[in-house]
Amino acid sequence: MNDRFLKACRRQPVDCTPVWLMRQAGRYMSEYRRLREKHTILEIIKTPDLAVEVTMQPVNAFDLDAAIIFADILPPLEAMGLSLEFIRGEGPVIHNPLRIAADVAALRVPDPRESLSFTMEAIRLARRELDGRVPLIGFSGAPFTLASYAIEGGATRSFVLTKSLMYNQPETWHELMGKLATMVGEYLKAQAEAGAQALQLFDSWAGALSPADYRRYALPYSRRAIQTAQTSASSVEPSSGVPVIHFGTGTSGMLEVFKEAGGDVIGVDWRVDLADAWRRLGDDVAVQGNLDPVALFAPIPELKKRVSEVLAQADGRPGHIFNLGHGILPQTPVEHVAALVDMVHEMSRR
Ligand code: CP3
């Protein structure tokens with residue numbers, strides 16, 4: 001079994017730097033696009049056999065050190081009572097977004113083992129299919145990122161509705177975040193119980209908050225979700241918890257505060273130098289990142305230079321997991337992905 005990813009999560013020495021890519025299954029692969037001609041994204045997510053097929057596509061095509069279960073951060077909101085649709089060319093839409101206290105009061109907090117059983121089943125099947133080749137990562141959106149979709153009803157640049165609710169109806173905000181923290185914590189824990197060997201919390205939009213607002217309105221809820229997730233026992237080493245990767249973008253102005261919410265690994269984007277981030281985070285956490293996803297559009301020699309820069313900043317410290325600073329883009333040239341994975345291994349060989 002290739003366990004260099006799990007070893008790096010625990011800051012143990014590895015033969016070379018492990019690499020996986022956020023959103024590694026998706027539209028940049030022709031295998032994925034072919035399946036998407038026949039099924040919507042929600043159909044794929046809710047049909048365990050299809051979700052496993054897509055989970056395996058990048059693992060079969062490239063020499064990746066981890067698989068990530070094919071799902072999305074938004075189905076838990078659907079389970080809580082919101083009406084979710086992915087509209088082609090527009091992205092996700094919530095048809096009944098949360099706007100007033102009564103909307104938040106009506107939100108359910110169902111048991112994810114039942115309401116999201118399709119993902120639990122996909123995890124069990126994917127573990128069998130992977131047969132120990134590489135570890136499987138489970139994931140969830142973080143309470144703040146989920147709240148922003150639930151309130152805005154989709155993507156936003158300004159977060160006006162989200163922050164307005166936060167500032168004008170703080171009690172409603174804290175009630176909502178309390179429900180999301182419970183849902184997210186239980187969802188992560190259920191994934192570990194189903195067989196996920198590491199868990200990633202995506203707080204993709206945390207960087208929209210000032211450090212003070214993050215600390216007051218988001219951190220306590222991410223912390224609680226992470227703590228719940230960390231109580232799940234590892235199937236590999238029952239004595240130790242399943243490692244949690246805490247990822248955010250735009251967090252370079254608040255890395256110290258972001259770390260306080262927890263996580264065995266902190267995921268950072270490319271807007272901060274990895275060495276700088278690591279110095280500020282300290283050496284009691286592992287670090288994941290942080291190549292600009294658009295670097296994959298550069299010619300191979302230029303890509304190579306940028307990969308070597310990231311590796312030089314990690315400087316062979318135990319606990320580096322190579323990744324992009326955010327999800328891979330749909331137009332990414334697939335040959336460059338293959339080249340990236342191989343060059344990370346070759347250039348970091350100890
Ligand atoms: O990493 C993986 O391979 C696992 C799959 C995965 C998906 N979404 C599948 C997906 C993961 C980890 C996610 C996480 C996710 N989803 C995040 C957090 C990570 C990030 O990028 O910040 C967010 C914010 C979402 C919400 C979401 N889902 C958006 C905004 C969109 C539409 C935008 C887009 O890229 O088209 C999705 C749809 C989605 N989720 C796709 C995939 C492969 C593309 C949809 C398609 O197939 O048409």
Side-chain angles (χ1 to χ4, degrees), residues 19-46 50-62 64-78 82 84-94 118-119 122-123 126 134 136-150 152-157 159 162 184 187-188 191 196 198-208 245-251 267-270 288-289 292-293 321 323-332 337:
V19 52
W20 72 281
L21 306 172
M22 288 184 276
R23 298 271 197 112
Q24 63 191 21
R27 286 162 295 182
Y28 75 101
M29 292 186 74
S30 56
E31 297 92 318
Y32 178 83
R33 292 195 300 271
R34 224 171 296 133
L35 197 69
R36 278 282 281 113
E37 284 167 17
K38 290 179 279 176
H39 305 280
T40 67
I41 175 157
L42 280 175
E43 270 167 20
I44 298 175
I45 290 171
K46 292 179 182 181
L50 296 179
V52 172
E53 184 180 335
V54 175
T55 299
M56 296 302 296
Q57 285 173 350
V59 177
N60 289 334
F62 318 111
L64 292 158
D65 296 300
I68 178 163
I69 195 64
F70 191 77
D72 194 78
I73 63 165
L74 300 175
L77 293 180
E78 186 174 55
L82 297 179
L84 169 66
E85 191 187 352
F86 285 94
I87 299 175
R88 208 176 265 277
E90 252 180 76
V93 174
I94 305 243
F118 43 83
T119 295
I123 289 171
V134 291
L136 179 65
I137 303 170
F139 70 92
S140 173
F144 175 74
T145 292
L146 291 179
S148 80
Y149 280 104
E152 306 282 344
T156 174
R157 273 178 172 276
F159 296 84
T162 306
V184 168
Y187 181 42
L188 289 171
Q191 292 182 64
L199 299 165
Q200 177 156 323
L201 189 69
F202 282 92
D203 211 351
S204 302
W205 312 139
I245 305 166
H246 185 196
F247 165 77
T249 75
T251 56
V268 295
D269 73 14
W270 64 94
Q288 176 173 280
D292 182 347
I321 297 159
N323 206 315
L324 305 175
H326 203 169
I328 193 166
L329 295 160
Q331 312 85 342
T332 304
V337 176

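Counting starts at 1 for both ligands and their atoms, in listed order. No experiment lies behind these values; they were computed from the predicted model shown. Below, all heavy atoms of this structure are taken into account, side chains as well, without hydrogens, waters or symmetry copies.
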Worksheet item: Would L201 and L188 count as a side chain to side chain contact (heavy atoms under 4.5 Å, CB included) if you check the C-alpha gap in whole Å, the side-chain angles of each, and the deciding distance to 0.1 Å?
Response: CA-CA 9 Å; L201 189 69; L188 289 171; 4.1 Å; yes
Practice prompt. Start with the C-alpha gap between Y28 and V337, add the side-chain angles, then the distance that decides, and say whether side chain to side chain contact (heavy atoms under 4.5 Å, CB included) holds.
Written response: CA-CA 10 Å; Y28 75 101; V337 176; 3.7 Å; yes
Practice prompt. List the steps, then state whether salt bridge (Lys or Arg N to Asp or Glu O under 4.0 Å) holds for E78 with K46.
Written response: CA-CA 12 Å; E78 186 174 55; K46 292 179 182 181; 2.7 Å; yes
Fill in: Stepwise side-chain hydrogen bond (donor to acceptor under 3.5 Å, both in side chains) check, T119 with Q191
CA-CA 8 Å; T119 295; Q191 292 182 64; over 6 Å; no
Discussion item. Pair L35, E53 - check side chain to side chain contact (heavy atoms under 4.5 Å, CB included), show working.
Written reply: CA-CA 9 Å; L35 197 69; E53 184 180 335; 3.8 Å; yes
Worksheet item: side-chain hydrogen bond (donor to acceptor under 3.5 Å, both in side chains) between Q288 and Q200: does it pass, once the steps are laid out?
Response: CA-CA 11 Å; Q288 176 173 280; Q200 177 156 323; 3.1 Å; yes
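The nearest heavy-atom contact from the protein to atom 31 (C) of ligand 1 is P92 CD, 3.7 Å. In terms of protein heavy-atom proximity, atom 37 (C) of ligand 1 is nearest to F86 CE2, 3.5 Å. Counting only heavy atoms of the protein, atom 30 (C) of ligand 1 lies nearest to Y149 OH, 3.4 Å. What sits closest to atom 1 (O) of ligand 1 on the protein, heavy atoms only, is R23 N, 2.7 Å. Scanning all protein heavy atoms for the shortest distance to atom 47 (O) of ligand 1 gives Y32 OH, 2.4 Å. Remark: minimum distance from atom 11 (C) of ligand 1 to any protein heavy atom is reached at F139 CZ, 3.6 Å. In terms of protein heavy-atom proximity, atom 36 (O) of ligand 1 is closest to R27 NH2, 2.7 Å.
Looking at L64 and Q24, their side chains come closer than 4.5 Å, going by heavy atoms from C-beta outward. At least one side-chain heavy atom of V59 sits less than 4.5 Å from a side-chain heavy atom of V134.
The distance from ligand 1 to the heavy atoms of R36 drops below 4.0 Å at these ligand atoms: 46 (C), 47 (O), 48 (O). Here is the list of ligand 1 atoms found below 4.0 Å of a heavy atom in I41: 10 (C), 38 (C), 39 (C), 40 (N), 41 (C), 42 (C), 45 (C). Those atoms of ligand 1 that come under 4.0 Å of a heavy atom in I69, given as number and element, are 4 (C). Residue contact check: A71 has heavy atoms under 4.0 Å from atoms 5 (C), 6 (C), 7 (C), 8 (N), 9 (C) of ligand 1. When each atom of ligand 1 is checked for a heavy atom of A25 under 4.0 Å away, the hits are 3 (O), 43 (C). Residue H326 has at least one heavy-atom neighbour below 4.0 Å for each of these atoms of ligand 1: 20 (C), 21 (O), 22 (O). For ligand 1, the atoms sitting less than 4.0 Å from at least one non-hydrogen atom of S204 are 18 (C), 19 (C), 20 (C), 22 (O), numbered in the order shown with element in parentheses.
Using a 4.0 Å threshold on non-hydrogen atoms, atom 33 (C) of ligand 1 does not count as touching the protein.
Ring geometry for Y149 against W205 counts as tilted: the plane angle lies between 30° and 60°, on a 0 to 90° scale.
Contact between F247 and ligand 1 is absent, with no heavy atom of the residue lying under 4.0 Å from the ligand. Remark: distances from the non-hydrogen atoms of A155 to ligand 1 are all 4.0 Å or more.
The backbone N or O of V184 lies less than 3.5 Å from no partner atom in the side chain of S140, so there is not a single donor-acceptor pair.
A ring-centre distance under 6.0 Å is not found for F139 and F70.
Shown here for G325 and P293, the closest heavy-atom pair between the two residues is N-CD, 4.4 Å.
Nearest-residue assignment for atom 23 (C) of ligand 1 (options D72, I73, L21; heavy-atom criterion): I73.
When non-hydrogen atoms are compared, ligand 1 lies under 4.0 Å from neither the backbone nor the side chain of R88.
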